[in-house]
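One structure is given below, encoded as structure tokens.
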Protein chains: 2
Amino acid sequence: MPDTPPIPPLRLREFLPYRLSVLSNTISRRIAELYDREFGLSIWQWRVMAVTGDAPGISATEIGQRTAMDKVAVSRAVAGLIELGYLERKAAEEDGRRSKLYLTRTGQSVYDEIVPMAMAEEQALEAVLTPDERRELTRLMEKLAGSASPDRPLW
Amino acid sequence: MPDTPPIPPLRLREFLPYRLSVLSNTISRRIAELYDREFGLSIWQWRVMAVTGDAPGISATEIGQRTAMDKVAVSRAVAGLIELGYLERKAAEEDGRRSKLYLTRTGQSVYDEIVPMAMAEEQALEAVLTPDERRELTRLMEKLAGSASPDRPLW
DNA sequence: CTTAATTAGTTTCATATGTAACTATTTGTT
DNA sequence: AACAAATAGTTACATATGAAACTAATTAAG
């Protein structure tokens, strides 16, 4: 038997950042697989489609803000979606640097198919929780998010 | 012809998989930054050190099971840690394929430093929650984890 | 025993991702 | 007007990651 460590052991399994990461990755992986298999979309592309469907004419920068993606990730996802024929870009008349993004006809029909699937998937996931528990989870996550916000100093 | 029913808008911000992913990434990023800055460790390397410190002589496969890392990730993390001089490998006498892993003297002292930091970080994060809330969060996360387990079929 | 199948772990290769540098345009200053 | 600074978005490069192929050792089957 090894000596007792000089400090209290850290149990990874009980470590909140670890538990959160494993849970989130498990869920993300399932969903990524679904979107990829059904529509050839990455999670990033799906997020871009989701916000563009919700706010047609949105700019890449705004997409970044709404999806917590950085501008490079947005740029790449948009490029891929245009390649796939799901998205189109129009120059913004008031600002030559920006462009406005829209779902194409095809993109819209993919969107119309994928949204109910995504919602069903979320509901299947959440089905194990009661409505009260869902609200409580949201509340707790928001508290944590405040505590972990990137601008906040570490100690 | 009946109109196609309008697709209810999907609000990414209210979408649990998205919220979980953003929260987890925010937290992971903070922690990754800390470990990297202080000890030159990636999150994967830190996880390997954590379980090796907790169970000296552990094998790579067991590390994978305890950390939810795949064997390639474990192999790379271990290689890096040996390179850094934090970990050493001894052949397992009973099975020539395995090796047993141990923290080196240096690795142990890094471990002794990093564990209290990690715990402090976790406590700073959790400080916004009451003990009841922490228990409740754990309970809800476990329910979700059951619902999302990878072997479970999608629909 | 001898060979096939399994397991532990590493390496290879193709792709994903993050950071920094870059282009083009707009805004602010004088 | 002229030029510096800021902003939108893309490109390039270096590194991270995952899947599959591979090596070596062990176990199972005939």
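Order of the sequence lines sets the chain letters (A, B, ...), proteins ahead of strands, with each chain counted from 1.
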Side chain Asp36(A), main chain Ala32(A), donor-acceptor under 3.5 Å: no
If you restrict it to nitrogen or oxygen atoms, what contacts under 3.5 Å exist between nucleotides 1-5 of chain C and the protein, and what is each distance?
none

Using 30° and 60° as the class limits, which term best fits the ring planes of Trp46(A) and Phe15(B): parallel, tilted or perpendicular? perpendicular
With heavy-atom distances below 4.5 Å as the criterion, would you say the side chains of Leu10(A) and Met119(B) are in contact? yes
Identify the heavy atoms of Thr67(B) and Tyr18(A) that sit nearest to each other, and give their distance. C-OH, 3.2 Å
Treating primed atoms plus P, OP1 and OP2 as sugar-phosphate and everything else as base, which nucleotides of nucleotides 6-16 of chain C get B, S or - for protein heavy atoms under 4.0 Å? BBSBBBB----
Closest heavy-atom pair, Leu129(A) versus Arg134(A), reported as atoms and distance to 0.1 Å, is O-NH2, 2.7 Å
Are Arg47(A) and Ser21(B) close enough that some pair of their side-chain heavy atoms sits under 4.5 Å apart? yes
Evaluate salt bridge (Lys or Arg N to Asp or Glu O under 4.0 Å) for Arg139(B) paired with Glu136(B), printing each intermediate quantity in order. CA-CA 5 Å; Arg139(B) 196 178 66 81; Glu136(B) 182 66 357; 3.0 Å; yes
At a heavy-atom distance below 4.0 Å, which nucleotide of DNA chain D is the first touched by chain B, and which is the last? dT17(D) to dT26(D)
Straight-line distance of Thr130(B) OG1 to Lys143(A) NZ, nearest 0.5 Å: 6.0 Å
With a sphere of 6.0 Å drawn around CD of Glu93(B), does it hold more than 12 non-hydrogen atoms of other residues, nucleotides or ligands? yes
What I'd like to find out is whether the side chain of Leu16(B) reaches to under 4.5 Å of the side chain of Leu144(B), using heavy atoms alone. yes
How do Gly96(A) and Ser42(A) order along DNA chain C: which one's closest nucleotide is nearer the 5' end? Ser42(A)
